Amino acid sequence: MAVAFLGCTHNFNCLALYHDQAVLPEFRQSKGLSFLVNSRISRGKQSRASMEMRGSGGPMTSDHSAVKIPLVLTVAGSDSGAGAGIQADLKACAARGVYCSTVITAVTAQNTVGVQGVNIVPEDFVAEQMKSVLSDMDVDVNWPDNRELQMKQVSNSMAALVVDPVMVSTSGDVLADPSILALEKRSPCVTADTCQKLEELLPMADIVTPNLKEASALLDGVKINTVSDMLSAAKLLHDMGPRNVLVKGGDLPDSLDAVDVFFDGEHLYELRSSRIKTRNTHGTGCTLASCIAAELAKGSSMLKAVKASKFFVETALDYSKDISIGKGPQGPFDHLMNLKHNSGRQVRFNPSDLFLYAVTDSRMNRKWGHSISDAVKDAVQGGATIVQLREKDIETGDFLEAAKSCLQICRAHGIPLLINDRIDVALASDADGVHIGQSDMPAHVARSLLGPEKIIGVSCKTPEQAEKAWLGGADYIGSGGVYPTNTKENNRTIGLDGLKTVCLASKLPVVAIGGINISNAREVMEIGVPNLKGVAVVSALFDRECVLTETRKLHAVLTEATAAAAAAAK
Ligand SMILES: Nc1ncnc2c1ncn2[C@@H]1O[C@H](COP(=O)(O)OP(=O)(O)OP(=O)(O)O)[C@@H](O)[C@H]1O
Ligand SMILES: Cc1ncc(CO)c(N)n1
Ligand SMILES: [Mg+2]
């Protein structure tokens, strides 16, 4: 049968799924195995441009109303503790902006202590779930009765296939075959038959992602204790047929880094990230695999998907390193990176605070004989909705004193005060947060220092920087220079187009910055993207004799521009 996925209008929907023995009945021994099938981007049907457009919220389909969403389907086991398995896949895909449907192959009774039981879903019912999803969710599949044809159908209709050969978790729990669990988790924990059946699947995979124990099991028990062993294992696994191999080194003994080895059949890559010191690593493997699937579904190439996914895991582990869920040795982590926000933060950042964003400049204040606190007072009274102290040539002690007095002014008006770059000054003064640039402290480090309640803004000129800011836990993006400016040396101008590109690429609220004043603020607000929340200005307010008057004028321009935009949208 002609496979509709490749030929129909839906062909830039990508599906990822874990296969299981229900569609591969001959894999009976491997009941607990889960396999992830993914998008065929690497096989190159879609144009990258169309994938990117879809990833950013467009384009519309031919009926002009529906927004196409990248899809992932996982076929895997459920983890009642919700750190790994299906639950990890759902959270990882949600965090990556991809829809995930789920076919459940096994239900585990599991928590942070370990796996207490496994209940296998009958093969027929796994097949029924597959049929329900595949016959409906944008993959136009004609579902055959014959199991072998079903397997072919699934393989053909997916854009690519990711196989995560789940057999042994980091906790040491055996997930490959329930009969082994009943035998007190003895070692070797994976049956030869399981490996043999998996071998049959590998040639179909676009990538296989074993951890150290799983790689060893697939290679007849070969010892993998060093990075050099991992490199050899990746090559040997590649000989078993998958297009790409990722040997995950989360459990590598005595390793200061978290090292994974990637092999595409030609080049070997050692992918290193910092090893986060935390008990909360349950489900890193599932998360990595589903994140790779999600990135592929968005149109990424394989290596880029793997790198982005590794960075995602590292960032989420770092964010979650001090959360406490469960009493056992291996806790879950927070894929969406907002649990601490919700439990701790009293007043969440309000994006409308970005409306008129005043950024101070000591040189200008000196020129006009204004003290920092007088300048801030005038800006606040004139209608500034947030203030940032950007003091480049001031002693630390003076900066702290200025921050404290400005904080009193801002608090009295109920508006936030941010500190540029200096996390120490923000902490010492108890300011509301910081604004950081690309060469300052990375957002995720700032977040871990400042905790969940402080506001973090990051300057971004590109969608890639915006993505990193979001992953790092930023609350907003400052994007520019929109126009040329003298306030900042060597600052590349990105123009209104560059601003719009960053806004469209991010879910975060954005404030425009760079050369904005009362004569051009209106055209900035008129670019017509909902997450552009306001303008940030320096000289338009502070390189003027009367800060109060200038702020009032700019406030009026912005109010008019937003009212006009709202009327036009109706
Ligand atoms: N402490 C850590 N800090 C940073 N990265 C880590 C850490 N632990 C694991 N990783 C990364 O997480 C990913 C998953 O690797 P791991 O070897 O733990 O898989 P796994 O054993 O299949 O996971 P699990 O069984 O816990 O779901 C890899 O990219 C690995 O480098
Ligand atoms: C259901 C399930 N799948 C995978 C893993 C691997 O972490 C786990 N612990 N539980
Ligand atoms: Mg692990």
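Whatever order the structure lists ligands and atoms in, that order sets their numbers, starting from 1. Computed from a predicted model, the values in this text were never measured in an experiment.
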I'd like to check which ligand 1 atoms, numbered from 1 as shown, lie under 4.0 Å from a non-hydrogen atom of Leu288.
29 (O)
Near Lys248 (heavy-atom distance under 4.0 Å), the atoms of ligand 1 are 14 (C), 15 (O), 17 (O), 19 (O), 20 (P), 22 (O)
Which of the listed options, Gly85, Gly285, Ala106, holds the heavy atom that is closest to atom 2 (C) of ligand 2?
Gly85
Identify the residue among Leu339, Asp79, Ile325 that makes a side chain to side chain contact (heavy atoms under 4.5 Å, CB included) with Pro332.
Ile325
With heavy atoms of Val166 as the reference, note each atom of ligand 2 found under 4.0 Å away.
4 (C)
Should the proximity of Lys310 to ligand 1, defined as any heavy atom under 4.0 Å, be assigned to the side chain, the backbone, both, or neither?
side chain
At a 4.0 Å cut-off, with the gap strictly under it, does some heavy atom of Ala76 reach an atom of ligand 2?
no
Show me the pairs that pass ring pair (Phe, Tyr, Trp, His ring centres under 6.0 Å) and involve residues 218-260, at least two apart or across chains.
His238-Phe263
Would a distance-only check, ignoring hydrogens and angles, find a side-chain to backbone donor-acceptor pair under 3.5 Å from Asp164 to Val166?
no
Decide whether an N or O pair under 3.5 Å exists between Thr284 and ligand 1.
yes
A student checking ligand 1 against Asp251 at a 4.0 Å heavy-atom cut-off should list atoms 17 (O), 21 (O)
When you check the gap from the basic side-chain N to the acidic O, do Lys298 and Glu295 get nearer than 4.0 Å?
yes
Side-chain donor/acceptor of Ser80 to backbone N/O of Gln110, under 3.5 Å
yes
Below 4.0 angstrom, N of the basic side chain to O of the carboxylate: do Lys307 and Asp260 qualify?
no
Quick one: ring pair (Phe, Tyr, Trp, His ring centres under 6.0 Å) pairs with a partner in residues 82-102, sequence neighbours left out?
none
Atoms in ligand 1 flagged as close to Cys286, the criterion being non-hydrogen separation under 4.0 Å:
27 (O)
Out of Asp260, Thr287, Thr315, Leu317, whose heavy atom sits nearest atom 30 (C) of ligand 1?
Asp260
Considering the heavy atoms of His282, write down every atom of ligand 2 situated less than 4.0 Å from one of them.
9 (N)
With a distance cut-off below 6.0 Å to the six-membered ring centre and an angular limit of 45° from the axis, does Lys91 pair with Phe333 as a cation-pi contact?
no
Donor-acceptor check, side chain of Thr112 to backbone of Gly328, threshold 3.5 angstrom: yes or no?
yes
From atom 9 (C) of ligand 1, work out which of Gly250, Ala84, Pro210 has a heavy atom at the shortest distance.
Gly250
Atoms of ligand 1 less than 4.0 Å from Ala258 heavy atoms?
4 (C), 5 (N), 6 (C), 31 (O)
Contacting atoms of ligand 2, where contact means under 4.0 angstrom from a heavy atom of Ser78
1 (C)
Any idea which atoms of ligand 1 are less than 4.0 Å away from a heavy-atom of Asn211?
17 (O), 19 (O), 20 (P), 21 (O), 22 (O)
Okay, side chain of Asn280, backbone of Ile323: is any donor-acceptor separation there less than 3.5 Å?
yes
Using a strict cut-off of 4.0 Å, indicate which atoms of ligand 1 neighbour a heavy atom of Val313.
12 (O)
For the side chain to side chain contact (heavy atoms under 4.5 Å, CB included) test, which of Ile456, Leu508, Leu418 pairs with Tyr476?
Leu418
In terms of ring plane angle, is the pair Phe262 and Tyr269 parallel, tilted or perpendicular, where the classes change at 30° and 60°?
tilted
For ligand 1, which atoms have a heavy atom of Gly283 less than 4.0 angstrom away?
26 (O), 27 (O)
Quick one: look at Ser274 and ligand 1, take heavy-atom pairs under 4.0 Å, and tell me if it's side chain, backbone, both or neither.
backbone
Check: Gln110 N/O within less than 3.5 Å of ligand 2 N/O:
yes
